[in-house]
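A short worksheet on the structure shown next.
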2 protein chains.
Amino acid sequence: MTEQSGVSTQQIVERVWLSIAERRLRPGVQLKEGQLATIFDVSRARIRQALVALERDGLVMIIPNRGAFVCQPSVDEARDVFFVRRAVERRIVERLCQSISKVNVARLRTHISKERTANTQNVTTDIIKLSGGFHLLLGEVAGSDFLFATMRDLIARSSLITAVYRNTNRFNCGPDEHAEIVEAIARGDVSTATKLMEHHLEHVETELDLSEIRDLPHDLRSALA
Amino acid sequence: MTEQSGVSTQQIVERVWLSIAERRLRPGVQLKEGQLATIFDVSRARIRQALVALERDGLVMIIPNRGAFVCQPSVDEARDVFFVRRAVERRIVERLCQSISKVNVARLRTHISKERTANTQNVTTDIIKLSGGFHLLLGEVAGSDFLFATMRDLIARSSLITAVYRNTNRFNCGPDEHAEIVEAIARGDVSTATKLMEHHLEHVETELDLSEIRDLPHDLRSALA
DNA sequence: GTCTGCATTATTGTAGACAATAATACCTAA
DNA sequence: TTAGGTATTATTGTCTACAATAATGCAGAC
C-alpha cells in the first residue's frame with residue numbers, strides 16, 4: 001500500500017449507506033468515482049469496490065459506461081421487499097418461539113432498551129441504525145450466517161425504501177412493537193408472536209406512501225412534480 | 001480497451017458457476033487470480049470483478065490477503081437456505097394462485113416440457129440449469145426484479161449445496177413435481193399448490209446428506225476422513 | 001531430531017496511466 | 001431560429017507495474 005489511506009472500503013460503504021438512509025443523498029443522483037475518490041482521499045479502485053458492494057445491497061444501481069446512481073426502488077419492488085420480509089421474519093419468529101436461549105432473550109431486551117433511549121434522546125442516526133438492527137439481531141440469533149446475511153440485505157433495502165417513501169417525520173419501527181414481539185417469543189407464544197410480527201411489518205409498510213402515483217417518476221418526472 | 005479480450009465478466013462467472021455445480025471445482029479449492037487470468041486470457045482486474053460477483057452469489061468466499069475459495073456451505077447454512085426458500089416460495093405460489101395470467105401459465109408449462117426433454121436425453125448441464133430455472137421462473141412471473149434477484153440468489157446457493165451434499169447420482173428437483181405445482185396454480189388451488197411446494201422443497205432437502213457429521217470438515221478434516 | 005527464526009517465493013492489494021465511451025457545448029447550414 | 005453534425009470535455013473501463021502481505025522452504029541452534 002503506497003499511500004496507506006485512512007478509510008477502508010467498508011467505511012466508505014457505511015458512510016454512503018448512512019447518507020442515503022438520512023436522505024442526504026437523494027435517489028437518482030450519480031455517485032461519480034473521481035468525486036468520491038477525492039472526498040475520501042482514496043484511489044478510484046477502492047471506490048469502485050465500495051460501489052459494487054452498495055449495488056449488492058440494492059442501494060445503488062450501476063449502469064455500464066454510465067456510472068453509479070442512488071437507487072429509486074419502484075413501488076413494486078418496495079412491496080416485494082416487505083413481501084419477502086413478512087415471509088422470512090414470520091418463520092424466524094416461529095423458530096425462535098420453539099427454541100431460544102435465555103442469553104439471546106437478554107440480548108434482544110438489551111437492544112430494545114437501547115432503542116428506547118435513542119428515541120427519547122431523538123438521535124436520528126442511532127434511531128435508524130437501531131430500529132433496523134433489531135430485525136438484524138433477530139436474524140442473527142435465529143440461525144446461520146446465511147440467515148443473518150439475508151436479513152442484512154432486506155434491512156438495507158428497507159432503509160432505502162423508508163428513506164424514499166416515508167411521509168411522516170417520525171421513523172417507523174418503534175421499540176414498543178419490538179418489545180411486544182420479544183416478550184411473546186420469550187413466553188414461547190407462537191401464534192401471538194407471529195401475528196405481532198406480521199402486523200408490525202404491515203404497519204411499517206402502510207406508514208409509507210406507496211400510492212401508485214409515485215411509481216412513475218424515475219428521475220425527470222420527480223423533479224417536475 | 002487495449003486488448004479487447006474475448007470473455008466478459010459475466011461469462012467468467014457463468015463458467016465458474018457451472019464448474020462448481022458440476023462438481024468439477026470442489027469446495028475449498030483456491031481460485032487464484034493469476035491462474036484464472038491466464039486461463040480466460042483476461043487481466044486480473046476482470047477476474048477480481050468476477051470473483052466479487054461469485055462471492056455475492058455465495059459460491060466463493062473471499063478472505064482478505066488470502067484469496068478466493070470455493071465455498072463449503074455448512075450444514076446449518078444449507079438448512080437455512082431451504083428454510084428461506086420454503087418461506088418465500090410458499091408465498092410466491094400463494095400469490096400466483098390468486099392471480100396468474102394465461103401467458104405465464106404457458107411459460108411455466110413450456111419450461112417444464114424443456115425439463116422433460118433434458119431429463120430423457122440426460123444432458124447434465126441442461127438438467128442443472130433447467131431444474132433451478134423453474135424456480136427462477138416462478139420468481140420472475142410472480143413479482144418485481146427484486147423478487148427475481150432474491151430467487152436467483154437462493155437458487156445459486158442451492159446449486160452449490162446440491163453439488164456438495166447430494167449423495168444420489170440423480171439430480172433432484174424433477175419435472176414431475178414441478179408440473180403438479182404448476183397445474184395446481186393454474187387451477188387456483190391455493191392449499192394444494194402451497195402444500196406441493198413445501199413438500200417439494202422438503203423432498204429436495206431430505207435427498208441431501210445433511211447429517212451433522214459432515215458439518216465438521218471444513219477443508220482438512222474432509223481430506224482425513 | 002525437532003523447533004525456531006529468517007530468507008525466499010508466490011499471491012493479493014493498490015495505485016496510477018491510458019483507452020474508450022457517453023454527454024455536452026458549439027458551430028455551421030438551411 | 002432551429003436542426004444536425006462535430007469537437008470537446010468528462011467519466012468510466014481496463015491494463016500494467018509496484019507494494020504489502022502471507023505461505024513456504026531452509027538453515028542453524030538447542
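Note on naming: letters A, B, ... go to the chains in the order of the sequence lines (proteins, then strands), and numbering restarts at 1 for each one. Just so you know, these numbers use all the heavy atoms, side chains as well, and skip hydrogens, waters and symmetry mates.
- Rounded to an integer number of Å, the gap from CG of A/Leu31 to P of D/dT11 is 13 Å.
- Here the P atom of nucleotide D/dT12 and the CZ atom of B/Arg46 are 18 Å apart, to the nearest Å.
- Applying the ring-ring contact (aromatic ring centres under 6.0 Å, His included) criterion to B/Phe146, with sequence neighbours excluded, gives no partner residue.
- For the pair A/Glu55 and B/Arg56, the salt-bridge criterion is not met [side-chain N within less than 4.0 Å of a carboxylate O].
- Summarising the geometry, the separation between CZ on B/Arg48 and P on C/dT11 is reported as 14 Å, rounded to the nearest angstrom.
- Distance B/Ile62 CD1 to D/dT21 P: 19 Å, rounded to the nearest Å.
- Remark: A/Arg95 qualifies as a cation-pi partner of B/Phe83 under the 6.0 Å distance and 45° angle criteria applied to the six-membered ring.
- Considering only side-chain N and O atoms, B/Gln30 lies under 4.0 angstrom from the phosphate OP1 or OP2 of C/dT12.
- B/His111 places a side-chain N or O within 3.5 Å of a backbone atom of B/Leu130 that can act as its donor or acceptor partner.
- Nucleotide C/dA17 holds its P atom 17 Å from the CD atom of A/Glu33, rounded to whole Å.
- Residue B/Arg44 places a side-chain atom within donor-acceptor reach of the base of C/dG13, judged by atom type and a 3.5 Å distance cut-off alone.
- When distances are taken from the side chain of B/Asn65 to each of D/dT16, C/dG13, D/dG13, the shortest belongs to C/dG13.
- Listed candidates were D/dT14, C/dA15, C/dG13. Nearest to the side chain of A/Ala45 is C/dA15.
- Taking atom CZ of residue A/Phe40 and atom P of nucleotide C/dA15, one finds them 14 Å apart after rounding to whole Å.
- Under 4.0 angstrom from either OP1 or OP2 of C/dG13 there lies no side-chain N or O belonging to A/Gln49.
- Relative to the side chain of A/Lys32, the nucleotides D/dT14, D/dT11, C/dT11 differ in distance, and D/dT11 lies closest.
- A distance of 7.5 Å separates CG of B/Asn104 from CG of B/Leu137, quoted to the nearest 0.5 Å.
- For A/Arg66 and C/dA22, the shortest distance from a side-chain N or O to OP1 or OP2 is not below 4.0 Å.
- Spacing between atom CD1 of B/Ile47 and atom C1' of D/dT16 amounts to 16 Å, rounded to whole angstrom units.
- Atom CD in A/Gln35 sits about 11 Å away from atom C1' in D/dT11, given to the nearest Å.
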